[in-house]
2 protein chains.
Amino acid sequence: MVERYLTIGDVARRSGVAPSALRFYEQRGLIAAERSGGNQRRYERTVLRRVAFVRTASRLGLTLEQIGDALATLPDGRTPTAADWRRLSRSWRGLLDERIATLERLRDDLDSCIGCGCLSLDRCALQNPDDRAAALGPGPRYLEGDDPSDVGAGR
Amino acid sequence: MVERYLTIGDVARRSGVAPSALRFYEQRGLIAAERSGGNQRRYERTVLRRVAFVRTASRLGLTLEQIGDALATLPDGRTPTAADWRRLSRSWRGLLDERIATLERLRDDLDSCIGCGCLSLDRCALQNPDDRAAALGPGPRYLEGDDPSDVGAGR
DNA sequence: GTGAAAGATGAAGTTCACTTGAGGTCAAGG
DNA sequence: CCTTGACCTCAAGTGAACTTCATCTTTCAC
């Protein structure tokens, strides 16, 4: 039989996430732990899946806040099932597709611009900030930021 | 005839980059300006192309430092030609391809994980951090972070 | 039962790319 | 001339996601 509880060090080793990060996640309400008599954190093993979710969503570029919102939709009383996690993961799919599409658009634009070497502010597709809101990467700025009025105008 | 020099406001309007950002770029050595009698910035029009380069590279997820390094390879004495810009832009292509590939891999992994709902730390491809160094987005954390020994332990 | 390793806390620091604010100067139309 | 809006500098603030530090307490293998 395996230990019932994991220490923060155990979780860190098994998840590859630093203890300081785990405490930080707890502070942000993303994970939780019981406490030992001496006030040390004791994690249930399900926390590993939760941490996995957080890390993966984070890799996808979601903010911790967004991730927290997603986690909040998990059932309250019981341990989440595979189906629960599946539901959450499915929502990433659209995001990923979008991001890939944006990058591909950018690449195509780049191709045409390499042809001309222009980078003209007036004409170059690369410079056109219209889909800036649809963005690229992890930066929260990119993912949600800015209402369209801001974005278009270049601020 | 057009004005010989642009004020910071002109450049801001034409490039869609805030004056504060232009000053910041100058501080970082990315752009330069002459000064008027009264110490106000007077930009040559070529700065517009330079700013365009900075913004585009930034959208691609390069840090300002990397962008600065790229700009440093431009010819010193003369105004850069279209060919010069072309050379710089071409180097983005590989980066883009890489990023697209990473995201696609992630998407495929996600597909198989949606199937199982696992997110298992042991088996799930999504959790495999092996290509973390090849990363996704702008985050410098992602681009360099973590030596392999740390990363690997996670699984 | 004891000493080293591991854990706890709260505050402050880090990086990136900027923005904001305070307090003062410059330029141009009326 | 004068007012107003654009500019100047320098310092500090922002936010995301953590890490580091100082100081103290707990755990556990021997």
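Naming convention: chains lettered A, B, ... in sequence-line order (proteins, then strands); numbering from 1 in each chain. Values below: every heavy atom of this structure, side chains too, minus hydrogens, waters and symmetry copies.
- When the nearest nucleotides of DNA chain C are assigned to B:Gln40 and A:Tyr43 by heavy-atom distance, the more 5′-ward of the two goes with A:Tyr43.
- For the atom pair CZ of B:Arg50 and OG1 of B:Thr79, the computed distance is 10.5 Å after rounding to the nearest 0.5 Å.
- For A:Thr7 and C:dG7, the shortest distance from a side-chain N or O to OP1 or OP2 is below 4.0 Å.
- A close approach under 4.0 Å does not occur between any side-chain nitrogen or oxygen of A:Arg41 and OP1 or OP2 of C:dG7.
- Atom CG of B:Asp10 and atom P of D:dC7 are 7 Å apart (whole Å).
- In this structure, CZ of B:Arg13 is placed 14 Å from P of D:dG5, rounded to the nearest angstrom.
- When distances run from any side-chain atom of A:Ser36 to the nucleotides D:dT26, C:dA17, D:dA17, the shortest one goes to D:dT26.
- Going from atom CD1 of A:Ile31 over to atom P of D:dA17 covers 15 Å, rounded to whole Å.
- Atoms CG and CZ, on A:Asp10 and A:Arg42 in that order, are 8.5 Å from each other to the nearest 0.5 Å.
- To the nearest 0.5 Å, atoms CG (A:Asp69) and OG1 (A:Thr73) are separated by 9.0 Å.
- Judged by closest nucleotide on DNA chain D, A:Ala21 is the one of A:Ala21 and A:Asn39 placed further toward the 5' end.
- One can place CG of A:Asp69 at 12 Å from P of D:dA16, the figure rounded to the nearest angstrom.
- Rounded to whole angstrom, the span from the CD atom of B:Gln27 across to the C1' atom of C:dC16 amounts to 13 Å.
- Counting heavy atoms from C-beta on, the side chains of A:Leu6 and A:Leu48 come closer than 4.5 Å.
- Here the side chain of A:Ser20 is nearest to one of D:dC7, D:dT19, C:dC18, namely D:dT19.
- A close approach under 4.0 Å does not occur between any side-chain nitrogen or oxygen of A:Arg23 and OP1 or OP2 of D:dT20.
- Checking the phosphate oxygens (OP1, OP2) of C:dA17, no side-chain nitrogen or oxygen of B:Tyr25 falls inside 4.0 Å.
- We find that CZ of A:Arg42 is positioned 11 Å from C1' of C:dA8, with the value rounded to whole Å.
- If you measure from atom CD1 of A:Ile67 to atom C1' of D:dA17, you get 10 Å, rounded to the nearest angstrom.
- Contact annotation for B:Arg28: no contact, since no heavy-atom pair falls under 4.0 Å across all strands.
- Two residues are said to be in side-chain contact when any heavy atoms from C-beta on lie closer than 4.5 Å; B:Leu30 and B:Phe53 fail this criterion.
- In this structure, A:Leu22 places its CG atom 13 Å from C1' of D:dT19, rounding to the nearest Å.
- In this structure, A:Gly9 and B:Gly37 both approach DNA chain C, and ranking their closest nucleotides by distance from the 5' end singles out A:Gly9.
- When heavy atoms are screened at a 4.0 angstrom cut-off, A:Arg35 is found touching the sugar-phosphate backbone but no base atom.
- OP1 and OP2 of C:dA17 both lie 4.0 Å or more from every side-chain N or O belonging to B:Ser58.
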